[in-house]
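A short worksheet on the structure shown next.
Owing to the predicted nature of the structure, the values given are computational and were not obtained by experimental measurement. In each ligand, atom 1 is the first atom listed, and ligand 1 is the first ligand listed.
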Amino acid sequence: MLKIYNTLTRKKEEFKSINEKKVGLYVCGPTVYGYPHLGHAKSYISFDIIHRYLKYIGYDVKYVQNITDVGHLVGDVDEGEDKIERQAKIEQTDPVAIAYNYENIYFECMDKLNIERPTISCRATGHIIEIIEAVKTLIEKEYAYVTDEGNVYYRVKKFKGYGKLSGRNIEENLSGERIEIKNDKENPEDFALWKHAEKGHIMKWPSPWGMGYPGWHIECSIMSKKYLGDTFDIHGGGMDNIFPHHECEIAQSEALNDKPFVNYFIHNNLVTVNGQKMGKSLGNFITLPDLFKEYNPKIIRFYVLLTHYRRPTDFDKEKINEAIKNYEKIEKTYYKIKKETINIENNKEYDDIKELKNNFIEAMNDDFNTALAISYLYEVVKIANTELNNNEKDKYKLKYIEAFIEECAMKILGLKFEEEAKTDEELLNFVLDLRNELRNNKNYELSDKIRDELTKLGYEVNDRKTN
Ligand SMILES: [Zn+2]
């Protein structure tokens, strides 16, 4: 029985899907204006695990993830520049080129982390018509209003459930947020559904309220409704999305559809660097392309899974080096097992491994506790190594362990084990043998070429006597 910690109720709850065999999952995707960073890795690996595990226990999962390519303003407030337009100025190119480029880089990085792609990846700019229709409906229902400046705002006071996700009430927000900025809102807590395009703004569309562009929050209400319906099973995102983003999504969707928006809200915790918050302004910001120069992405994935998704992942080089050792131990064991089990059919069960598998599944059922699940994987690897060191190896047991590793570590956790690369020495001997064969056949032209190339690479070739 799967239990999920639901941010809406602040409790672990038994998971029940709306449709018996299906799950609708929506996760807020990236705003594509810069390189993805370690925080993205934490978030999308966490939801990849949730996606994989729901499939593993038999659900047909429709996983929708948006791409924010317009409307996300600097500082996450209703004032200031669009993040993508600002980056376009810096790189002296079009906003659309910025969004396209960073979307590609985002997916390249996610692929390297062995994150399965969502069923549907949808862009905000592809849903402007639906957004305008929804804003019109919200105005008709008096949940929104148009100002003289051509902006449309959501009237927060009208929505009784505002604050139910974050636990904040409007008064608290007033003291906590930067809302003293002068603007055309009825109330400072109101948020933009549609923004009037100022002079020089490139990404804009015609609307009943003039040329403009959507606010940041509305796209998720609209795309989740379009692909998953008015009410769906699971909505995910980083903890920093709880307020204001997800609170605003609830307000928009429930006012629009007169139905509950989401049954389970799941939020992953954030990344710290040596215990400190990670941030561009703090100078400890780690982008994934930079990180992958130093570490194999499969290690980063493993490292993220060593911490439960609701706890912060601390980027600490010593701890990563420790993780590399543990990872390599599993990987080596797996390949040693594979060598022993060629032509062995898996037809026996072993109680000790079976129990560890049950423990592994129980850990995953307990709000996707990968950290605990991996501790059982270690135990299995230990048993495997004892077996591998025996003179009389039980190959059926090794086969049974192989199946455990493939199912639990590879399929559910998405870990990747690669065949050990041939050592340089083996490769070099192969080249030298080949060269001797050429010399034996009196193909001196090619054999000399190989010798010269090897010399360039720093190897000295001493010719053995040939006949
Ligand atoms: Zn969202």
Identify whether the distance between the nearest side-chain nitrogen and carboxylate oxygen of K298 and E331 falls below 4.0 Å. yes
N, O or S atoms of the protein lying under 2.8 Å from the Zn ion (ligand 1): C28 SG, C220 SG, H245 NE2, E249 OE2
Who pairs with D230 by salt bridge (charged side-chain N to carboxylate O under 4.0 Å, His left out), at least two apart in sequence or on another chain? K225, K259
NZ (K141) with more than 12 external heavy atoms under 6.0 Å: yes
salt_bridge(R52, D48) N-O dist < 4.0 Å: yes
Tabulate below the donor-acceptor pairs under 3.5 Å that side-chain atoms of residues 353-362 make, not counting sequence neighbours, or state none.
from : atom 1 : to   : atom 2 : distance (Å)
K354 : NZ     : E349 : OE1    : 2.9
K357 : NZ     : E407 : OE2    : 2.9

With a cut-off of 3.5 Å and sequence neighbours excluded, list every side-chain donor-acceptor pair involving residues 20-28.
from : atom 1 : to  : atom 2 : distance (Å)
Y26  : OH     : N66 : OD1    : 3.3

